[in-house]
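One-based numbering, in listed order, for ligands and for the atoms of each.
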Amino acid sequence: MSDISDSHKRYLVWLTGLSGAGKTTLAEALNQVLAPSIILDGDVLRQGLNRDLGFAAEDRIEVGRRTGEVAKLLLTAGFHVIVSSISPYCQIREQVRQSVGVDPFIEVYVECPLEICQQRDPKGLYKKVQAGEIKQFTGIHQAYEEPLAPQAICPTHLKSVDECIEIILAAIPGHNKEG
Ligand code: ADP
């Protein structure tokens with residue numbers, strides 16, 4: 001049983017996983033059931049806040065740091081924050097956990113085998129990788145480090161979006177789909 005005060009706390013739900021694993025899809029679905037909530041999408045942030053950064057490891061770490069800092073401001077302003085970002089290294093996620101604090105940080109591993117992500121290819125990126133148009137792609141040229149102890153794991157190749165949302169909500173103290 002969670003404490004009644006849990007429902008007033010704000011959480012940072014950090015969706016990490018390969019491109020095509022389902023982060024954006026789950027972020028949008030979660031945004032419908034968490035309130036008040038706001039999505040920080042890695043691709044969107046790269047168009048503005050992070051447009052000076054590339055895809056080398058140190059740049060990805062800086063992307064994570066900035067995303068965490070923005071999330072922190074939004075938490076303070078009273079929002080639940082849903083981050084959708086490949087954030088491939090444990091170091092990235094750990095630095096955010098340290099920065100926002102252990103308690104509000106809900107790390108969600110959006111798990112899906114690379115082969116299925118490639119088949120889905122929702123943004124056509126794997127096709128571009130194959131054509132040699134994109135370098136430094138996570139899962140192909142660069143490593144993806146699986147979370148070691150995430151608060152939730154969503155195997156999107158095995159479970160529906162609704163089932164994944166249930167898994168995530170179960171990891172957020174004081175939240176369920178009815179609440
Ligand atoms: P990402 O943001 O991780 O790159 P997207 O959410 O853009 O991934 O794309 C994931 C694709 O997989 C979508 O076409 C989505 O409909 C599909 N999909 C199938 N099952 C699931 C699931 N359980 N959760 C999330 N996405 C799923």
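The backbone of Ser160, and not its side chain, has at least one atom closer than 4.0 Å to an atom of ligand 1 (non-hydrogen atoms only; backbone = N, CA, C, O).
A 4.5 Å side-chain heavy-atom check between Val96 and Leu12 finds at least one atom pair inside the cut-off.
At under 3.5 Å, not a single nitrogen or oxygen of Ser84, backbone or side chain, sits near a nitrogen or oxygen of ligand 1. Between Gly22 and ligand 1, a contact under 3.5 Å exists for at least one N or O pair. Considering backbone and side-chain N/O of Gly20, one or more are found under 3.5 Å from N/O of ligand 1.
Across the listed options Leu15, Thr156, Thr25, Thr25 owns the non-hydrogen atom lying nearest to atom 5 (P) of ligand 1. In this structure, of Lys23, His157, Glu163, Arg120, the residue bringing a heavy atom nearest to atom 20 (N) of ligand 1 is Arg120.
Summarising the geometry, atom OG1 belonging to Thr76 is positioned 12.0 Å from atom CZ belonging to Arg10; distances are rounded to the nearest 0.5 Å. Separation of atoms CG (Asp41) and CD (Gln47) is listed at 8.5 Å; rounding is to 0.5 Å. Separating the CD atom in Glu28 from the CD1 atom in Ile165 is a distance of 10.5 Å, to the nearest 0.5 Å.
Contacts classified as side chain to side chain donor-acceptor pair (under 3.5 Å) and involving residues 106-126 (residues at least two apart or in different chains) are given here: Arg93-Glu107, Arg97-Glu107, Tyr109-Glu146, Arg120-Thr156.
Atoms of ligand 1 found under 4.0 Å from any heavy atom of Pro122, numbered from 1 in the order shown, are 7 (O), 9 (O). Close approach to Lys159 involves these atoms of ligand 1, each under 4.0 Å from a residue heavy atom: 22 (C), 23 (N).
Within 6.0 Å of CD on Gln91 lie no more than 12 heavy atoms contributed by other residues, nucleotides or ligands. Surrounding CD of Gln130 are at most 12 heavy atoms belonging to other residues, nucleotides or ligands under 6.0 Å away.
Leu18 counts as a contact of ligand 1, since one of its heavy atoms falls under 4.0 Å from the ligand. Assignment of Gly17 to the shell around ligand 1 is not supported, since no heavy atom sits closer than 4.0 Å. At least one heavy atom of Lys123 sits less than 4.0 Å from an atom of ligand 1.
For the side-chain contact (heavy atoms from CB on, under 4.5 Å) with His175, the lone residue among Ile168, Ile106, Val33, Leu34 that qualifies is Leu34.
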